[in-house]
Amino acid sequence: MKLTVIGCGYLGATHAAAMAELGHQVLGMDTDTDKVDALNKGQAPFVERGLDDLLAKHTATGQLSFTASYAEAAAFADVHFLGVGTPQQDGSGAYDLTHLHTAVRRLAPRLGDGAVIVGKSTVPVGTVAQLRQTLDEHVRAGASVRLAWSPEFLRESFAVLDTLEPDRIVLGVEDGDTSSEAVFRRVYADILTAGSPLIVTDIPTAELIKGAANAFLATKISFINAMAELCELAGADVQQVALALGYDHRIGAKGMRSGLGFGGGCLPKDLAGFTHRAEELGADTGLLRQVAAINRRRREHTVELAREALGGTVVGKRIAIWGAAFKAHTDDIRDSPALAVATALQQAGAEVTVHDPAAMANARRAYPRLDYADDPAAAVTGAGLLLHLTDWPQYSDADPADLAEHIAVPRVIDARGTLNANRWREAGWTFRALGRP
Ligand SMILES: NC(=O)C1=CN([C@@H]2O[C@H](COP(=O)(O)OP(=O)(O)OC[C@H]3O[C@@H](n4cnc5c(N)ncnc54)[C@H](O)[C@@H]3O)[C@@H](O)[C@H]2O)C=CC1
Ligand SMILES: O=C(O)[C@H]1O[C@H](OP(=O)(O)OP(=O)(O)OC[C@H]2O[C@@H](n3ccc(=O)[nH]c3=O)[C@H](O)[C@@H]2O)[C@H](O)[C@@H](O)[C@@H]1O
């Protein structure tokens, strides 16, 4: 089949490459011409495991290509996936849906009768009804264009795997739309045959499922972090609590790692957007607001622990920070907990040096006033404290005995819970981990 993917960031570029892997002819479209150029060379403009290989494989054969032209995209296919950004508006937490409306407005007059638009971006419930109006206002006279919504559940750093082997696929269709599901089943035929369940719903349900999924993932993380707060007060170990809870099949161990809390371009933004929309609808959002508050406290608590470790003040103190990405195996620094802590400490007067295996270029661009080091040992050299803030395996594999030679005072706070406490203590470090004795 021939398909387009409009908006080729983390979601869209991965979706386009995965659709080509399924055997479809795919044209990706993005307004950012630098991105389009990189993608046409078979390179992802960001770090994502396995994506460069897929892009290179399918751009080389011409099965996958990219353009900045709506006209080309509209002419290429009758099925158009939408993966443009839905960022947070400043202040209220509400979603900014302008990119979606722009994409529909620009695409609509160029579409032929029978075309299908399938949205994948994350949206608050009620968005598709508004997009339907935009579509109807701009579509060619006499052309009937269907609009469906299939929210995406991929995780960055597992994006290719999650797209090709999804836990489930959701498709929301408009009332009276009897044909989008059949088209969609053809697009996803191989994935459905392999066993991924497809849940077909009305539009509001599909929109809401995505918000609910991210709110639940955020809640699970904040729940275990609330237990971490309690563990610190009680002298208990949150990792053992999580281990024991996780064996209960109704709870499950996945997505319940305690630490510095959730960041990234999605969970914080989607929790805020979901909460905002729920309040507009008149729902009680006490639970969701607590989830966000607990998450904020993780960052504040880490800053406080650093202050405490350094004798009550960070002014003029050298602090090494391991990690800038919002999680391991990505260069994405959107709402990174590590950089939030780094900048808070710098604002409080500390001299902060940051290292990250993949996200240094993005961090440097966004936070040019922070100091950066090219390797983990260089970051700790001369510091009075090391903060471990992103869970890269390089950091848990590092040799604490070797590092103790470089740091001025061997003191570490493990905010991700992945350093081996015994190993660090035996190498002479004063070791503190969030939620653990
Ligand atoms: N990053 C992720 O892991 C996931 C993201 N999502 C959702 O997918 C959507 C996109 O997220 P990301 O890919 O992370 O964002 P992103 O910012 O990496 O990519 C968005 C892309 O859309 C392009 N764009 C903006 N306006 C456009 C327009 N009018 N026409 C064509 N292209 C346009 C931008 O240039 C950019 O390349 C969001 O709604 C997000 O919540 C959902 C699941 C996973
Ligand atoms: O809507 C989205 O964009 C995506 O958001 C998240 O995916 P992602 O942001 O890539 O990353 P996660 O692996 O969920 O991690 C999010 C944050 O939570 C933190 N986290 C994650 C898991 C955990 O157990 N504990 C924890 O603190 C991570 O360090 C990271 O900062 C969801 O996991 C995806 O299902 C969803 O599609």
Side-chain angles (χ1 to χ4, degrees), residues 49 157-158 221 224-225 227-247 252-263 298-299 301-306 308-310 318-330 336-338 341-342 353-359 373-437:
R49 288 188 283 201
S157 79
F158 293 96
I221 296 166
I224 200 64
N225 282 332
M227 295 306 107
E229 292 181 346
L230 196 49
C231 283
E232 274 185 29
L233 295 170
D237 185 336
V238 71
Q239 290 202 346
Q240 286 183 307
V241 172
L243 180 73
L245 293 186
Y247 277 118
K254 289 188 179 157
M256 205 172 48
R257 293 188 309 278
S258 65
L260 191 48
F262 55 84
R298 302 313 285 164
R299 301 173 186 197
H301 183 52
T302 303
V303 170
E304 269 323 299
L305 286 182
E308 202 181 283
L310 291 169
R318 280 255 304 108
I319 300 176
I321 292 202
W322 278 359
F326 83 98
K327 66 175 186 179
H329 305 292
T330 177
S336 161
V341 170
T353 304
V354 178
H355 172 266
D356 190 281
D374 288 334
D375 63 73
V380 305
T381 301
L385 174 66
L386 166 62
L387 297 183
H388 172 237
L389 303 185
T390 306
D391 50 347
W392 285 98
Q394 285 92 324
Y395 298 147
S396 26
D397 293 346
D399 179 1
D402 179 44
L403 290 161
E405 312 265 311
H406 294 80
I407 196 158
V409 185
R411 239 180 331 224
V412 61
I413 296 173
D414 178 13
R416 288 293 187 175
T418 52
L419 302 184
N420 181 326
N422 289 339
R423 217 169 135 233
W424 284 72
R425 286 187 177 126
E426 280 160 17
W429 287 71
T430 305
F431 185 95
R432 176 97 197 246
L434 268 58
R436 307 186 71 189

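Counting from 1, the numbers follow the sequence of the chain as shown. Fair warning: this is a prediction, and the values are worked out from it, not measured in the lab.
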### Query
At what distance, to the nearest 0.5 angstrom, does CD of Q394 lie from NE2 of H355?
7.5 Å
### Query
Is D391 close to R257 at the side-chain level, that is, under 4.5 Å between some pair of heavy atoms?
yes
## Note on the structure
Of all heavy-atom pairs linking A373 and A378, the shortest is CB-C, 3.9 Å
### Summary
Closest non-hydrogen contact found for V354 with A342 is CG2-CB, 4.3 Å
### Query
Closest heavy-atom contact between A228 and R298?
CB-NH2, 3.6 Å
### Query
A320 and V380: which non-hydrogen atoms are nearest, and at how many Å?
CB-CA, 3.7 Å
### Message
Can you tell me how far apart CG (L245) and CD (Q240) are? Round to the nearest 0.5 Å.
### Response
12.0 Å
### Message
Return the CG to SG distance between D237 and C231, rounded to the nearest 0.5 Å.
### Response
7.0 Å
### Task
Would you check if L403 and E405 make a side-chain contact, meaning some heavy-atom pair closer than 4.5 Å?
no
### Task
With the side chain counted from C-beta on, respond yes when L434 and L305 share a heavy-atom pair under 4.5 Å apart, and no when they do not.
yes
### Query
Any side-chain heavy atom of P337 within less than 4.5 Å of one from R416?
yes
### Task
May I ask you to decide if S157's main-chain N or O and R49's side chain share a donor-acceptor pair within less than 3.5 Å?
yes
### Query
So, T353 side chain and A379 main chain: donor-acceptor pair closer than 3.5 Å or not?
no
### Query
Can you tell me how far CD of E229 sits from CD1 of I224, rounded to the nearest 0.5 angstrom?
11.5 Å
### Task
Fit a plane to each ring of W322 and H388, take the angle between them on a 0 to 90° scale, and name the class: parallel (under 30°), tilted (30 to 60°) or perpendicular (over 60°).
perpendicular
### Any side-chain heavy-atom pair of D356 and W392 under 4.5 Å
yes
### Task
Of all the heavy-atom pairs spanning S396 and R423, show the shortest one and how long it is.
O-NH1, 3.6 Å
### Side-chain heavy atoms of L386 within contact of Y395, under 4.5 Å
no
### Query
Heavy-atom distance under 4.5 Å between the side chains of R411 and F431, does that happen here?
no
### Task
Check whether any side-chain heavy atom of D414 sits under 4.5 Å from a side-chain heavy atom of W424, and report yes or no.
no
### Query
When rounded to the nearest 0.5 angstrom, what is the spacing between CG in L260 and CD1 in I221?
11.5 Å
### Task
For residues A236 and P437, report the shortest heavy-atom separation together with the two atoms involved.
O-CD, 3.5 Å
### Message
Is it the case that the side chain of Q239 and the backbone of G417 share a donor-acceptor pair, with hydrogens and angles ignored and the cut-off at 3.5 Å?
### Response
yes
### Query
To the nearest 0.5 Å, how far apart are CG in L385 and CD1 in I319?
5.5 Å
